[in-house]
Amino acid sequence: MAEETSASNFIRDLVAADRAAGKHGGRVVTRFPPEPNGYLHIGHAKSICLNFGLAQDTPGGICHLRFDDTNPTTEDPEYVQAIQDDVRWLGFDWQDRLFFASDYFERLYEFAETLIRKGAAYVDSLTAEEMRLYRGTLTEPGKNSPHRDRSVEENLDLFRRMRAGEFPDGTHVLRAKIDMASPNINLRDPVLYRIRHAAHYRTGTAWCIYPAYDFAHPLSDAIEGITHSICTLEFEDHRPLYDWVVAQAGTAHRPQQIEFARLNISYAVMSKRKLLELVEKKLVAGWDDPRLPTIKGLRRRGYTPEAIRAFCEHIGVAKRDAVVEMQLLEHFIREDLNKRSLRVMAVLKPLKIVIDNYPEGTVEELDAVNNPEDASAGMRKVPFARTLYIEQDDFLEDPPKQFFRLAPGREVRLRYAYIIKCVGVTKDPRTGHVTELHCTYDPATKSGAPEAQRKVKATIHWVSTAHAAEAEVRLYNPLLKADLSKVPADHDWTTYLNPQSLERVTGCRVEPSLKNAVPGTRFQFERLGYFCTDPDSGTDALVFNRTVSLKDAWARIDKGRSAR
RNA sequence: UGGGGGAUCGUCUAGCGGUAGGACGCCGGCCUUUGGAGCCGGCUACCUAGGUUCGAUUCCUAGUCCCCCAGCCA
């Protein structure tokens with residue numbers, strides 16, 4: 001019963017119903033329409049999964065990738081490239097259906113003349129400020145521009161001269177002639193074209209007038225034969241305008257706009273504007289900073305496309321505003337990585353131990369399991385010797401009752417090795433800090449040996465001091481100290497950045513098998529979490545990012561204790 | 001105070017007049033050479049008030065609360 005099937009949602013249901021009713025000739029054509037003015041983030045992933053997923057799930061369904069590049073001042077080919085990379089990395093394929101709204105500029109222009117000819121659009125010459133005043137308010141109707149009744153001939157002439165570059169920016173716009181008293185402000189003669197003497201990254205200086213979203217988007221959809229144009233909730237009251245534009249242009253095809261609630265994630269920066277601000281002000285390392293919910297950031301952090309897709313599938317699609325907890329995203333990456341990542345041992349904060357009764361100069365190559373969840377992952381050898389590093393957190397001089405790890409006189413098992421007992425503690429006489437532990441081992445308890453069955457309360461990880469490689473490990477915490485939705489608008493939101501969002505731990509020691517780890521490789525550091533080799537990593541300086549920690553029962557207990 | 005939307009466990013989400021389900025989370029327990037994973041059990045919800053009905057989360061009415069809209073951004 002509980003098979004892993006794709007959950008339905010109101011959009012899937014609607015599309016299925018349209019197909020069943022033979023609407024659009026039974027075809028399903030969706031599109032993902034990013035503007036190339038920033039990098040994609042997990043919110044876009046939701047839309048990508050929805051649009052491409054709808055196409056995939058429908059026999060004959062297709063999904064276009066269309067760049068909505070109608071604003072030359074903010075767009076850049078760097079973003080076009082990055083967006084394509086990200087969509088592909090997420091696992092979706094637009095095949096030969098890569099489109100650009102800018103490729104439609106000539107046709108859109110013709111549609112604009114069509115509207116002018118039928119008296120549905122006019123050239124206005126009010127300043128932006130005047131236009132704002134004429135627009136009215138939420139509760140008061142607007143009033144007609146003095147230019148609203150220009151003749152078709154005059155409008156055509158003016159519009160052509162706008163195109164020809166005769167006027168400076170801001171002097172004229174093309175407006176839809178709808179209703180300045182409409183209770184829906186979007187219908188109060190919205191701007192269709194504006195003058196922008198700016199080079200476009202694709203069309204260069206061929207144009208100095210550019211279509212507005214409300215004009216370009218519905219018509220691009222119509223041109224491409226999009227059946228279901230899925231967008232976010234804030235466009236809901238643009239839908240009458242969307243339909244108006246398509247009807248006035250008289251296109252053969254009439255696409256249907258459907259809106260859903262955008263994704264929000266707790267303690268994550270999800271607005272394009274804010275992400276750009278973080279990057280530009282160098283508050284983060286770049287668009288791929290692992291603290292960012294950008295696709296590039298998640299990727300560098302160690303997230304897999306599979307986990308992101310599973311997350312997007314499970315959060316569902318609805319119309320109510322929602323804030324998904326970060327823990328849910330973390331759940332899906334843990335679930336994925338648990339099944340596939342190779343286990344290795346790494347010590348983040350080393351504490352040296354000497355096994356007093358272990359022969360000096362001896363090195364044993366012990367057998368270690370690569371992935372207990374996957375027998376085909378095989379085994380590897382890990383060198384064991386007299387002096388080792390263990391995790392500082394795995395020793396407590398005066399442990400509470402629930403602490404099962406090492407303490408004076410206590411025993412633990414060293415993973416894949418022996419049971420050891422702590423017999424001595426060396427401290428720095430000045431600071432009182434523990435600098436070294438002396439232990440003894442029980443040779444009969446070697447992992448795999450018949451007499452090794454003796455139970456101890458805990459197993460801890462370790463590395464051999466002589467064989468381990470040094471590494472830097474970057475730990476990440478939420479970028480924000482509070483949810484931005486609760487931050488007053490007049491506050492500088494960057495003051496809510498978490499100063500502890502990045503914790504660089506240097507002097508870590510990792511087992512020798514990691515010496516040649518290639519950037520982008522994911523591991524489980526046993527008992528610690530999932531880690532991914534960073535692009536900054538090289539053979540001389542290993543760098544790992546913590547993708548997500550393992551669930552930590554002791555941390556919870558410890559937290560509960562200190563809270564009391 | 002105009003218009004457009006939305007309200008179901010702490011968080012997401014299902015339900016389409018007939019016992020309110022799932023996931024995350026949280027709390028127990030089992031198991032464990034990762035305090036991981038796995039397994040078992042538990043926790044908590046229909047915005048309010050009326051009405052229709054044998055029966056309402058679902059339909060109706062009236063409220064309440066939340067989100068979006070006054071860019072020549074998308």
Side-chain angles (χ1 to χ4, degrees), chain A residues 2 7-9 33-35 37 68 70-71 73-74 124 126-128 131-133 135-142 169-175 182-188 190-196 209-210 212-214 216-217 231-240 259 261 263 266 272-273 314-332 334-335 338-339 343 345 369 372-373 402-405 412-417 419 445 447-448 452-461 485 524-529 549-557:
Chain A
S8 195
N9 59 57
E35 186 190 10
N37 68 348
D68 214 347
T70 57
N71 184 354
T73 59
T74 57
D124 198 2
L126 253 26
T127 64
M131 211 183 286
R132 189 174 63 76
L133 264 16
R135 188 153 33 228
T137 69
L138 293 179
T139 51
E140 299 158 325
D169 288 6
T171 51
H172 305 281
V173 289
L174 183 72
R175 288 232 253 171
S182 173
N184 180 347
I185 290 183
N186 297 298
L187 263 21
R188 319 242 262 231
V191 170
L192 267 23
Y193 266 90
R194 71 279 208 194
I195 300 172
R196 279 261 204 294
I209 57 171
Y210 292 92
Y213 168 87
D214 283 317
H217 201 91
C231 64
T232 42
L233 249 30
E234 66 269 28
F235 294 103
E236 208 152 18
D237 50 15
H238 289 237
R239 193 180 341 126
E259 311 84 12
L263 169 64
S266 59
K272 254 180 152 178
R273 202 205 96 232
H314 281 76
I315 53 174
V317 178
K319 294 195 73 157
R320 70 183 86 106
D321 297 307
V323 182
V324 176
E325 291 175 337
M326 185 66 93
Q327 291 147 164
L328 189 60
L329 217 208
E330 293 180 342
H331 162 75
F332 284 104
R334 282 195 188 101
E335 182 178 73
N338 174 51
K339 283 178 295 191
R343 272 61 170 173
M345 291 197 284
V369 174
E373 304 289 321
Q402 304 107 306
F403 185 84
F404 301 153
R405 283 108 95 147
V412 294
R413 173 172 287 281
L414 293 177
R415 182 83 158 144
Y416 304 122
I419 291 175
T445 60
S447 224
Q453 304 311 316
R454 185 150 68 87
K455 301 286 183 209
V456 285
K457 292 281 256 181
T459 299
I460 66 173
H461 59 279
S485 59
Q524 184 195 98
F525 289 0
E526 290 213 39
R527 303 208 306 130
L528 297 176
S549 67
L550 246 31
K551 284 204 247 171
D552 186 345
W554 164 245
R556 205 167 289 148
I557 295 166

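Each chain gets a letter, A, B and so on, in the order its sequence line appears, and its residues count up from 1.
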Can you tell me, in whole Å, how much space there is between the P of B:rU58 and that of B:rA62?
16 Å
Atom CE of A:M345 and atom CZ of A:R415: how far apart are they, to the nearest 0.5 Å?
8.0 Å
Let's test your reading of the model: under 3.5 Å, does the base of B:rU33 pair with the side chain of A:S447 as donor and acceptor?
yes
Check every strand shown and say whether A:P141 touches a base, only sugar-phosphate, or nothing at a heavy-atom separation below 4.0 Å.
nothing
Pick the closest RNA chain B nucleotide for A:K457 and for A:V317 by heavy atoms, then say which residue is nearer the 5' end.
A:V317
Apply the test side chain to side chain contact (heavy atoms under 4.5 Å, CB included) to residues A:I315 and A:L328: give CA-CA distance (whole Å), side-chain angles for both, the deciding distance (0.1 Å), then the verdict.
CA-CA 9 Å; A:I315 53 174; A:L328 189 60; 3.9 Å; yes
Between B:rU8 and B:rA23, how far apart are the C1' atoms? Round to whole Å, please.
15 Å
CD (A:E236) and CG (A:N186) are apart, to the nearest 0.5 Å, by 11.5 Å
Please report the distance separating the C1' of B:rC12 from the corresponding atom of B:rA7, rounded so that it comes out in whole Å.
14 Å
So what does A:R135 touch, heavy atoms closer than 4.0 Å: a base, only the sugar-phosphate, or nothing?
sugar-phosphate
Please state whether the base of B:rU33 and the side chain of A:R413 form at least one donor-acceptor pair under 3.5 Å?
yes
Please lay out, stage by stage, how A:T171 and A:I195 fare under the test side chain to side chain contact (heavy atoms under 4.5 Å, CB included).
CA-CA 8 Å; A:T171 51; A:I195 300 172; 3.7 Å; yes
Whole angstrom value for the distance that separates P of B:rA14 from NZ of A:K319:
13 Å
Need the pair for B:rU44. Rule: Watson-Crick or G-U wobble, both distances under 3.5 Å, any strand; none if unpaired.
none
Would you indicate what A:H217 reaches in the nucleic acid, counting non-hydrogen atoms under 4.0 angstrom: base, sugar-phosphate, or nothing?
nothing
Counting Watson-Crick and G-U wobble pairs only, both distances under 3.5 Å, name the nucleotide matched with B:rC30, or none.
B:rG38
At what distance, to the nearest 0.5 angstrom, does CD of A:E330 lie from CD of A:Q327?
6.5 Å
For a quick check of understanding: with a heavy-atom distance under 4.0 Å over all strands, which category does A:R334 fall into, base, sugar-phosphate or nothing?
nothing
Within the structure shown, what part of the strands sits under 4.0 Å from A:V456 by heavy-atom distance: base, sugar-phosphate, or nothing?
nothing
Assign each of A:V324 and A:N184 the nucleotide of RNA chain B bearing its closest heavy atom; nearer the 5' end lies the nucleotide of A:N184
At what distance, to the nearest 0.5 angstrom, does CD of A:E373 lie from CZ of A:R343?
5.5 Å
Rounded to the nearest angstrom, tell me the gap between atom CZ in A:R320 and atom P in B:rA45.
17 Å
Which nucleotide, B:rG6, B:rG25, B:rA70, lies nearest any side-chain atom of A:K551?
B:rG25
Just to be sure I understand the rule, does A:Y416 reach a base, reach only the sugar-phosphate, or reach nothing, if contact means heavy atoms closer than 4.0 Å?
base
Quick one: does A:Q327 reach the base of B:rG10 with a side-chain donor-acceptor pair under 3.5 Å?
no
Contact class for A:F525 vs. all strands (heavy atom < 4.0 Å): base, sugar-phosphate, or nothing?
nothing
Touch check for A:L133, heavy atoms < 4.0 angstrom, all strands: base, sugar-phosphate only, or nothing?
nothing
Using a heavy-atom cut-off of 4.0 Å across all strands, would you classify A:R239 as base, sugar-phosphate, or nothing?
nothing
Base, sugar-phosphate, or nothing: which does A:T70 touch, judged by heavy atoms less than 4.0 Å apart?
sugar-phosphate
With hydrogens left out and only the distance checked, is there a donor-acceptor pair under 3.5 Å joining A:R405's side chain and the base of B:rG35?
yes
Is any side-chain nitrogen or oxygen of A:R527 closer than 4.0 Å to OP1 or OP2 of B:rU33?
no
Looking at B:rU58, which nucleotide sits across from it as a Watson-Crick or G-U wobble partner, both distances under 3.5 angstrom, or is there none?
none
Under the rule syn = chi within 90° of 0, otherwise anti, which is B:rG71?
syn
Is there a donor and acceptor pair, one atom on the side chain of A:D321 and one on the base of B:rG6, closer than 3.5 Å?
no
For a quick check of understanding: with a heavy-atom distance under 4.0 Å over all strands, which category does A:G448 fall into, base, sugar-phosphate or nothing?
base
Hey, what's the ring geometry for A:Y213 with A:H238, parallel, tilted or perpendicular (30° and 60° as the breaks)?
perpendicular
Using atom NE2 of A:H331 as one end and atom C1' of B:rG22 as the other, report the distance to the nearest whole Å.
12 Å
Pick the P atom in B:rC47 and in B:rG38, then give their distance to the nearest Å.
33 Å
Picking from B:rC69, B:rU13, B:rC24, which would you name as closest to the side chain of A:A322?
B:rU13
Which part of the nucleic acid, if any, lies within contact of A:L550, taking any heavy atom under 4.0 Å across all strands shown: a base, the sugar-phosphate backbone alone, or nothing?
base
So what does A:D68 hit on the nucleic acid, given a heavy-atom distance under 4.0 Å: a base, only sugar-phosphate, or nothing?
sugar-phosphate
Donor/acceptor link under 3.5 angstrom from A:Q524 side chain onto base of B:rU34
yes
With a 4.0 Å limit, can you tell me whether A:K455 has a side-chain N or O closer than that to the phosphate oxygens OP1/OP2 of B:rU33?
yes
With a 4.0 Å cut-off on heavy atoms, is A:T127 in touch with a base, just the backbone sugar-phosphate, or nothing at all?
base
Using atom C1' in both nucleotides, what's the gap between B:rC31 and B:rG17 to the nearest angstrom?
46 Å
